[in-house]
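A short worksheet on the structure shown next.
Start at 1 and go down the list; that is how both ligands and their atoms are numbered. Just so you know, residue 1 is the first one in the sequence shown, and it goes up from there. Predicted, not measured: the structure shown is a model, and the values here were computed from it.
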Amino acid sequence: IIGKIAKENGYRVYLVGGIVRDFILSKKSLDIDIIVEGDIEKIIKDYVKNRKISVYFFKEFMTATLKLENGIKFDFATARKESYEYPGAYPKVEKATIFEDLYRRDFTINTLAIEITEDRFGTLIDFFDGLKDIKEKRIKVLHQTSFIEDPIRILRALRFAGRFGYKLEKNTEKLLKLAVEEKLLQKAPTGRINLELNLTFDEENVLYILNLMDEYKVLRQIFPNCFINLEREVIIAKISEAINIYKVLFDLKIEKNSNYLMALMYHLPFDVSYFVLKKYHFDKSIKHFKYIFDFIDKFKNLPEKNIEFFKFLKTIPVEILPFSAIYFNFFEKSIEILKKEKEFKNIISGEDLKNIGIKPSPIYKKILSEIFKLYLDGKISSKKDAVDYVK
Ligand code: ATP
């Protein structure tokens with residue numbers, strides 16, 4: 001439909017970026033980015049007419065976001081070119097052709113487009129040999145000054161290389177190393193570094209990407225004195241696993257960034273971590289770091305009794321449970337206890353106490369916590385045991 005409207009108005013529209021790359025790689029992509037050579041307002045107004053769609057226009061950026069009722073989101077942008085006032089700055093934008101729009105992009109694998117204008121629907125546009133680079137598994141910049149214009153691309157290059165298991169193309173690798181030597185990342189806005197690091201921590205292959213960042217000496221430019229040794233490698237791998245397990249089993253609201261940041265900086269004095277976290281706007285993580293440092297004795301002397309361990313577990317902010325559990329060696333125990341907590345709902349409840357004939361009162365809480373303690377110790381293991389015990 002969008003293609004039809006575009007044609008009627010004499011415009012051209014294209015799917016671009018991650019969605020095209022991921023389509024070629026047969027991977028799922030959540031973002032649908034559409035570039036319009038023409039007036040996006042006109043296209044969108046025609047498209048949403050008589051449809052239940054929310055539209056958000058960002059006129060100064062020449063973009064708009066559409067949200068369909070089924071949750072699908074389209075990001076529209078007018079084809080544009082960008083210029084950077086200084087390395088890493090947020091770009092200034094002006095209208096341009098699709099070629100110019102694709103030419104401003106970071107790597108060839110992200111320059112593919114599929115035209116969706118009616119009559120040309122499905123035409124693959126590949127000005128910069130992106131398809132070949134996808135096939136040959138390489139990350140390649142479009143021009144010699146790419147990392148100078150936008151040093152954030154250093155982080156993006158390593159993130160994509162890590163995500164897809166691609167290599168940096170020879171010249172790109174040389175340019176990246178030069179940009180790192182010149183410490184260009186230090187000129188990039190810290191807010192953009194924050195965004196990139198968060199995206200990295202959200203990746204499946206975090207450890208691999210951090211290893212690449214270490215190998216290319218990028219990690220130590222952001223985190224002082226930070227390198228990936230064997231001990232840290234093991235901790236990071238275990239944290240990734242713990243994050244997944246806690247999420248799948250208990251749906252805990254974990255803050256990935258605090259956990260990985262802690263893994264990268266736990267060996268540093270708090271003041272140093274504080275400085276880095278503040279600089280890159282990880283304000284919430286400061287609270288988490290402080291918690292671990294303040295209660296370090298508690299973590300070093302874990303309670304032996306199950307019920308005491310349960311109480312201790314409940315005092316830890318869930319956001320940083322993975323790091324805490326891995327670093328202080330109580331991951332298995334925490335899973336065992338949390339599973340028991342979850343199962344306990346099927347062992348006994350207020351309803352059971354009522355059926356036994358006990359009138360609802362504050363005593364319920366006392367009875368249930370007494371039985372919970374016995375359940376944690378394995379002294380009660382079924383509803384029958386619990387009801388008999390209460391009787
Ligand atoms: P992801 O799968 O991580 O979302 P993506 O390719 O969709 O990957 P986005 O960060 O959403 O990445 O960016 C969308 C597109 O915008 C990219 O495909 C790329 O072409 C372009 N882009 C993003 N950041 C930059 C940058 N710093 N320099 C040049 N082009 C960029």
- Backbone of Leu168 reached by a side-chain donor or acceptor of Thr172 within 3.5 Å: no
- Name the closest protein heavy atom to atom 24 (N) of ligand 1, giving the residue it belongs to and the distance to 0.1 Å. Arg156 CZ, 3.2 Å
- Query: Given Val36, which of Ile43, Ile2, Thr78 fulfils the side-chain contact (heavy atoms from CB on, under 4.5 Å) condition?
  - Reply: Ile43
- Message: Considering non-hydrogen atoms of the protein only, which is the closest contact for atom 5 (P) of ligand 1, and what is the distance?
- Response: Arg21 NH1, 3.9 Å
- Asp22 N/O under 3.5 Å from ligand 1 N/O: no
- Is ligand 1 under 4.0 Å from a heavy atom in the side chain of Arg192, in the backbone, in both, or in neither? side chain
- What are the atoms of ligand 1, with element, lying closer than 4.0 Å to any heavy atom of Asp150? 26 (C), 27 (N), 28 (N)
- Query: So how far is it from Leu376 CG to Lys305 NZ, rounded to the nearest 0.5 Å?
  - Reply: 13.0 Å
- Proximity of Glu196 to ligand 1 by residue part, where a heavy atom lies under 4.0 Å: neither
- Message: Keeping Asn205 on the side-chain end and Gly162 on the backbone end, is there a donor-acceptor pair under 3.5 Å?
- Response: yes
- Task: Look at the side chain of Asp150 and the backbone N and O of Ser146, then say whether any donor-acceptor pair between them is shorter than 3.5 Å.
- Result: no
- Query: Centre of Phe227's six-membered ring, under 6.0 Å away, within 45 degrees of the axis: is that where NZ or CZ of Arg232 sits?
  - Reply: yes
- Item | Asp106, portion touching ligand 1 at heavy-atom distance under 4.0 Å | both
- Apply ring pair (Phe, Tyr, Trp, His ring centres under 6.0 Å) to Tyr166 and list each qualifying residue two or more places apart in sequence or on a separate chain. Phe164
- Note on the structure: The answer for which part of Arg104 has a heavy atom under 4.0 Å from ligand 1 is backbone
- For atom 20 (O) of ligand 1, closest protein heavy-atom neighbour: Arg105 NH1, 3.1 Å
- Considering only the protein, which heavy-atom contact is closest to atom 4 (O) of ligand 1, and what is its distance? Asp31 OD2, 3.4 Å
- In the protein, which heavy atom is nearest to atom 14 (C) of ligand 1, and how far is it? Asp33 OD2, 4.1 Å
- Message: Under a 4.0 angstrom heavy-atom cut-off, which atoms of ligand 1 come close to Gly18?
- Response: 6 (O), 7 (O), 18 (O)
- Item | Contacting atoms of ligand 1, where contact means under 4.0 angstrom from a heavy atom of Arg159 | 3 (O)
- Is there a donor in the side chain of Tyr291 and an acceptor in the side chain of Ser324, or the other way round, less than 3.5 Å apart? no
- Please name the residue in the list Asn198, Thr190, Asn194 that meets the side-chain hydrogen bond (donor to acceptor under 3.5 Å, both in side chains) test with His281. Thr190
- Query: Regarding Lys42 and the six-membered ring of Tyr11, is the cationic atom NZ or CZ under 6.0 Å from the ring centre and inside 45° of its axis?
  - Reply: no
- Message: Is there a polar contact, in the sense of an N or O pair closer than 3.5 Å, between Glu203 and ligand 1?
- Response: no
- At what distance is the nearest protein heavy atom to atom 28 (N) of ligand 1, and which residue and atom is it? Arg153 NE, 2.8 Å
- Query: For ligand 1, which part of Arg163 has a heavy atom less than 4.0 Å away: the side chain, the backbone, both, or neither?
  - Reply: side chain
